[in-house]
Amino acid sequence: MVKAPRGTQDIFGNSSAIWQRIEATAIKLFNEAGFQEIRTPIFESSELFSRAVGESSDIVNKEMYTFNDRSERSLTLRPEGTAGVVRAFIENSFDREGLPAKLWYRGPMFRYERPQTGRYRQFHQIGIEAIGAKAPYIDLEIIKLGVNFIQDLGLTNLTLHINSLGNSSSRENYIAALKVFLKESLEHVCEDCQRRYEQNPLRCLDCKVPEDQKIYQNAPTIIKYLDEESQKIWQETQNGLTELGIKYQIDEKLVRGLDYYTHVVFELKTKSEKLAGQNTVLAGGRYDNLVKNLGGGDYASVGWALGIERIATLIEETHQISKLYIISDSPIEALKLADKLRLETKKIAIELAYEETKFKKQLEKAIKRDYQWALFYLSEERNSGLFKLKNLRENKEYDKLDYSQVLELL
Ligand code: ATP
Ligand code: MG
């Protein structure tokens with residue numbers, strides 16, 4: 001039997017209902033905040049990611065699905081969404097329509113990682129970008145949207161972590177100091193970190209190896225190295241968060257895995273054990289040089305992306321849409337009733353038997369499939385116009401209900 005490739009999964013049943021809820025919540029929120037959807041290709045020229053995400057990032061170094069097509073073009077399945085969105089922004093001259101361009105996207109991403117809870121090779125993100133907007137007020141709105149999204153889904157127990165990576169000159173000064181520190185323990189850290197030390201020392205702080213993390217606890221932190229401009233933006237961001245009533249925690253080791261970040265970076269982290277260590281569900285920051293680096297204008301920008309699989313894992317499994325099964329001896333009568341109920345009830349899934357089977361069999365099926373309601377619609381009910389309704393989960397029966405009473409109970 002051919003199986004799904006390692007690190008991929010089929011989404012169906014209750015999971016699918018949860019995914020729909022996540023997507024619907026995002027769409028509503030983004031529409032209300034004036035963000036427009038953009039759909040970019042799932043594969044792009046490989047060069048786009050090496051230039052955007054960075055040659056020295058883990059993603060480009062060891063996680064990309066890169067292949068040559070039949071005309072020997074090097075293509076890559078997108079590992080993240082920002083690069084494609086920025087490419088589309090430049091290619092379609094979105095700047096002509098006024099700035100900032102406020103965009104959102106959703107869809108599958110691909111990274112060759114070791115599959116485990118909350119970490120897959122095909123995973124799905126929802127993300128937003130504001131391109132052509134200077135810090136810090138748009139950053140505040142972007143962060144607030146992330147927080148609101150989590151709240152709208154009813155998720156608690158998440159903490160906002162923030163840090164600043166400053167502008168380029170602040171970062172250079174900091175990296176020089178960090179290199180001095182890293183050099184001392186270079187033999188004791190993992191091979192990846194030894195490479196990172198040469199190529200992009202900042203990335204060491206993002207290492208997932210616990211022993212390395214212990215060493216880095218004593219590393220110098222970046223905030224002290226922020227110049228005046230960066231310091232000002234950092235202060236204003238924090239003041240704004242306080243003013244908006246958003247609780248946050250400063251995390252001076254937060255550097256993010258991609259190379260393009262500047263100034264504020266942030267993550268929403270959960271304390272739930274369910275994700276077995278993959279505890280960042282939403283992450284982002286400011287990227288002031290990316291548009292220019294990809295050949296566009298000098299447009300400062302900010303955005304975030306969340307992982308749908310990780311959010312879905314956090315949503316209680318109790319979330320299920322209500323389902324009703326019509327028990328009937330006449331498929332055509334059941335169909336007519338289903339049609340009427342579907343028009344007049346919202347948020348309820350209605351099923352019926354399409355063949356004439358014994359009503360006991362229909363009831364068994366409804367119970368097996370975990371329907372909450374069974375609505376009896378046999379000749380007796382049709383003649384009297386009064387229904388019998390059974391709550392299958394609570395094993396409660398309601399007899400002789402008229403149609404409006406049925407609607408009230410559902
Ligand atoms: P991590 O540190 O966990 O590897 P990351 O920093 O590589 O995450 P980002 O590139 O910032 O992640 O992507 C944003 C979000 O996408 C993450 O916070 C996470 O929710 C999700 N995500 C990233 N990689 C994966 C993956 N391989 N499987 C599932 N979700 C993922
Ligand atoms: Mg990663």
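As the structure lists them, so they are numbered: ligands from 1, and atoms in each ligand from 1. Just so it is clear, the model here is predicted, and its values are computed rather than measured.
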Considering only distance and modelled atom types, tabulate donor-acceptor pairs under 3.5 Å from the side chains of residues 243-254, sequence neighbours left out.
{"from": "Tyr248", "atom 1": "OH", "to": "Gln238", "atom 2": "OE1", "distance (Å)": "3.3"}
{"from": "Asp251", "atom 1": "OD1", "to": "Lys253", "atom 2": "N", "distance (Å)": "3.2"}
{"from": "Asp251", "atom 1": "OD2", "to": "His161", "atom 2": "ND1", "distance (Å)": "3.4"}
{"from": "Glu252", "atom 1": "OE1", "to": "Thr221", "atom 2": "OG1", "distance (Å)": "2.6"}
{"from": "Lys253", "atom 1": "NZ", "to": "Tyr216", "atom 2": "O", "distance (Å)": "3.4"}
{"from": "Lys253", "atom 1": "NZ", "to": "Gln217", "atom 2": "O", "distance (Å)": "3.0"}

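- Annotation: side chain to side chain donor-acceptor pair (under 3.5 Å) contacts involving residues 22-35, sequence neighbours excluded, comprise Lys28-Glu32.
- Within 4.0 Å of ligand 1, contacts by protein heavy atoms are made from Arg111, Glu113, Gly118, Arg119, Tyr120, Phe123, Gln125, Lys208, Arg256, Leu258, Thr280, Val281, Leu282, Ala283, Ala305, Gly307, Arg310.
- Qualifying side-chain contact (heavy atoms from CB on, under 4.5 Å) partners for Ser330, counting only residues two or more places apart in sequence or in other chains: Ser328, Ile332, Glu333, Arg382.
- Between Trp104 and Phe30, a ring centre-to-centre spacing shorter than 6.0 Å is recorded.
- Atoms CD and CD, from Glu394 and Gln372 in turn, are 7.0 Å apart once rounded to the nearest 0.5 Å.
- Between Phe110 and Phe123, the ring center distance fails the sub-6.0 Å criterion.
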